[in-house]
Each structure stands twice: as C-alpha cells, then as structure tokens.
Amino acid sequence: MQVLRFLSLFLGISSVAARISKRNATTPNLNVQKLWDLQTNLLDNFLYPNSTVQAKEINSTLLASDIQGRVDITRTFDGAELNTEYLFGLFSNLAANANSFSLLGLPLSYEIIHFTANEYITAANTRFMFNFTSLGIMLPVEIDGWFTWNEAGQVTQYDVTFKYWEWLLDTVVTAAAQLLNTTTAAATQTALTEGLAQSICATSTQYCNGTNLQYANSTQCYEYLTEEVRFGEAYELGRNTLLCRMVHQNMVPFRPEVHCPHIGPTGGGYCTDDTTYVGTVENNYFNLPFMPSDLIS
Ligand SMILES: *[C@@H]1O[C@H](CO)[C@@H](O)[C@H](O)[C@H]1NC(C)=O
Ligand SMILES: *[C@@H]1O[C@H](CO)[C@@H](O)[C@H](O)[C@H]1NC(C)=O
Ligand SMILES: *[C@@H]1O[C@H](CO)[C@@H](O)[C@H](O)[C@H]1NC(C)=O
Ligand SMILES: *[C@@H]1O[C@H](CO)[C@@H](O)[C@H](O)[C@H]1NC(C)=O
Ligand SMILES: *[C@@H]1O[C@H](CO)[C@@H](O)[C@H](O)[C@H]1NC(C)=O
Ligand SMILES: *[C@@H]1O[C@H](CO)[C@@H](O)[C@H](O)[C@H]1NC(C)=O
Ligand SMILES: *[C@@H]1O[C@H](CO)[C@@H](O)[C@H](O)[C@H]1NC(C)=O
C-alpha cells in the first residue's frame, strides 16, 4: 500500500513537473479576469475610430512582433506590421477614404456572446455592429475566434471565422441593389463590379506608380478588373477575385511596395489561386497549441 501511494505520489509530482515544463516563456498562466480584460481591450481598439490610433503605430503594441493570424474568408497573416494593417488599418483607411467603394463595413460596437479562457488562450464569439458606409446600412456581424496571449498581454495568435458570412454577403448585395436601382442579380453584380473596379483603380493610380506599377493605365486596370478577373464567391476573399482586391485596396496606402501587387494582375500571393479547399483545411499553420497545457503530452 505504502509503495503504491508513494508511487502514485511520485507519478503525480512528475506529471505536474511535465506539465509545467510544457508552459514556457511564450505561454503564460493568466487568470480568467486578466484574459477577459485582454480580450475586451483588443476589441475596444478594433472598433472604429479607436482603430485609427493603432493603425498609426505601424506595429500595434497590442500585437506580438511574431503574431500569426488567420481569417477563414481571407488568408493567414504573419507579423505585427501586416496584422496592424489588416486588423486596424483596413478599417481606418476605409473610413478615411470616403470615395472608396466597398462591401466592407466599420465595426462600431460589440458584445461578446460566448467566452471562455484558460492559461494563455481565449475563445470569444463576438457580435459586432458594422456600418457598411458605402451602402448606408448597419448590420450585425458575428466573428468567432480563438486567441493566444503572451506575458506582455499581446496577441500571439488569432484564428477567426465569420459566422453566416455567405448570408451576410447576400444581405449586403441585396441592400446594394436597392441603392444601385438594379432589379436582377446579374445587373447588381455588374453595377457592383463597376463600382469596385473604379475604386480599386483609383487607389492603384494614386499609389501604385514607379516600381510598384501594376497596370499600364487606369483604362487597362478597369478592363482587367471588370473583364478578366472573376467577382468571387463568398469564400474567395483571399483568391484571384475582385472581392479580394476590394479588401486589399484599403491596405495599399500604408505600404504600396507590399500591397500594390495584391490589387494588381498577379494578386501578389494574396489574391492568387494557389490555395485549395483541402490544403486550407489541413494547414497546420499555428506554432502554439490552442489547448491547455495539461492536455498536451
Ligand atoms: C476606445 O477604447 C477605449 C479603451 O481603450 C474604450 O474605453 C472606448 O470605449 C473605445 N471606444 C469605443 C467607441 O468603443
Ligand atoms: C515594425 O516592425 C518591423 C518588423 O519587425 C520593422 O522592420 C519595422 O521597422 C517596424 N516599424 C516601426 C515603425 O516600428
Ligand atoms: C455610417 O456611415 C455613414 C456613411 O459614412 C455615416 O453617414 C453615418 O453617420 C455612419 N453611422 C454611424 C452610426 O456611425
Ligand atoms: C436610384 O434611384 C433613385 C431614385 O430614383 C435616384 O435618386 C438615384 O440617383 C438612383 N441611383 C443610381 C445609382 O442610379
Ligand atoms: C507615387 O505615388 C505616391 C503616392 O501617391 C506619390 O507620393 C509619389 O510622388 C508618386 N511618384 C511618382 C514617381 O509619381
Ligand atoms: C493604356 O494601356 C494600354 C496597354 O498598354 C494601351 O494599349 C492603351 O493605349 C493605354 N490607354 C491610354 C488611354 O493610355
Ligand atoms: C514554447 O513552446 C512552443 C510550443 O511548444 C514552442 O513552439 C516554442 O518554440 C517555445 N518557446 C520557447 C521560447 O521555448
């Protein structure tokens, strides 16, 4: 008996030691209140106009320098600068550029509807209210995500998905039809294509010059975007589509040398047909596990 008890005690201690060794400098053990505060602080700063403050920092201090991010309808994003542009800059620039036409909106408020947290990991489903400024409508948008945090309280990873995205896009396009006075789906798509192409080409003409040139002139840009590239399905905001270039137009002013190719004919590796469904689902992108260290052997 004594031996057994000693053995189980010994095993218990050794497994505790093993657990601790699995948590390293990149994975702190934060309490739920702290993790909640980190989550809400991130979301407060994601809202417009707070996002303009983060965008100006170029590398937002809310993000770890080696942050990894994934958004299901687009792509993966590495590093603080790219993620600052994508998480904060996209929206602040959309707002700053009143003439740009977009099916995207600005997040104005939020409510976390499901939340749990453990050690260095949070899971939050959040219902935002977005202002689709080009269309003059407000719609709720649910974004569900998993996040990991470092000792400094910065995001080290996020993996988010837009719930009901296809339905949202249909709802936005239906609203656009009213604004554009179109009565058929085909006519709406044509009108949207024209509006988006004009907006993207205006950005290209203004910022993508010299070594960042993408199109010979705005006519060629317009023809390419209206005739040669497809509009895109709901899941194709990171593929060779007009919808993808719509997303990336808002990041061009930050670093034309990086983002111009994304709105150009090649898509610059972000608006490119180099992904597959299976490859996307099976991509083990993240470095840190989204799982309590107790469960990892
Ligand atoms: C902006 O962020 C601050 C905290 O940093 C927060 O108190 C405020 O509510 C945020 N603004 C909006 C509009 O939510
Ligand atoms: C942002 O981070 C990148 C990568 O670490 C670095 O090269 C760049 O100089 C930083 N920019 C600013 C303004 O801090
Ligand atoms: C939504 O955007 C429109 C167009 O920019 C603006 O006029 C309106 O005031 C915004 N609504 C809110 C609640 O911010
Ligand atoms: C749509 O119709 C309304 C009312 O007739 C008009 O004011 C508006 O300019 C039209 N919009 C477009 C894009 O044709
Ligand atoms: C290229 O565009 C930038 C941004 O609009 C502008 O500041 C710069 O003067 C332009 N360069 C040339 C060579 O036109
Ligand atoms: C635009 O560029 C295309 C392709 O180089 C050329 O054929 C066309 O003449 C140009 N159009 C104008 C208005 O410069
Ligand atoms: C921390 O653990 C993760 C996951 O096991 C590993 O990828 C990372 O390299 C480790 N970092 C350090 C500083 O040991």
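Whatever order the structure lists them in is the order used to number ligands and atoms, beginning at 1.
- Heavy-atom proximity to N209, at under 4.0 Å, picks out these atoms of ligand 5: 1 (C), 2 (O), 3 (C), 8 (C), 10 (C), 11 (N), 12 (C), 14 (O).
- Atom 9 (O) of ligand 5 lies below 4.0 Å from none of the non-hydrogen atoms of the protein.
- Between F77 and Y270, the distance from one ring center to the other falls under 6.0 angstrom.
- Side chains of T272 and R239: no donor on one and acceptor on the other come within 3.5 Å.
- For atom 7 (O) of ligand 2, the closest heavy atom belonging to the protein is E81 OE1, 4.6 Å.
- Within a 4.0 Å radius of atom 5 (O) of ligand 4, the protein contributes no non-hydrogen atoms.
- Under a hydrophobic clustering in which Ile, Leu, Val, Met, Phe, Trp and Tyr are joined whenever their side-chain heavy atoms come within less than 4.5 Å, directly or via other members, M138 and L169 fall into the same cluster.
- Inter-residue side-chain proximity for F132 and V141 is flagged as met; some heavy-atom pair is nearer than 4.5 Å.
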Worked verdict on W36 versus F115 for ring pair (Phe, Tyr, Trp, His ring centres under 6.0 Å): CA-CA 8 Å; W36 168 262; F115 182 80; 5.0 Å; yes

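- Close approach of ligand 4 to L179 is summarised as follows: ligand atoms under 4.0 Å from at least one heavy atom of the residue are 11 (N), 13 (C).
- Not one N or O on the side chain of E257 forms a donor-acceptor pair closer than 3.5 Å with the backbone of N212.
- Ranking the protein heavy atoms by distance from atom 14 (O) of ligand 4 puts N181 ND2, 3.2 Å first.
- Within a 4.0 Å radius of atom 2 (O) of ligand 5, the protein contributes one or more non-hydrogen atoms.
- For ligand 5, one of its N or O atoms has an N or O atom of Q206 under 3.5 Å away.
- Taking distance alone, with nitrogen or oxygen atoms compared against 3.5 Å, N59 approaches ligand 2 more closely than that limit.
- Ring centroid separation for the pair Y222 and Y215 does not come in under the 6.0 Å cut-off.
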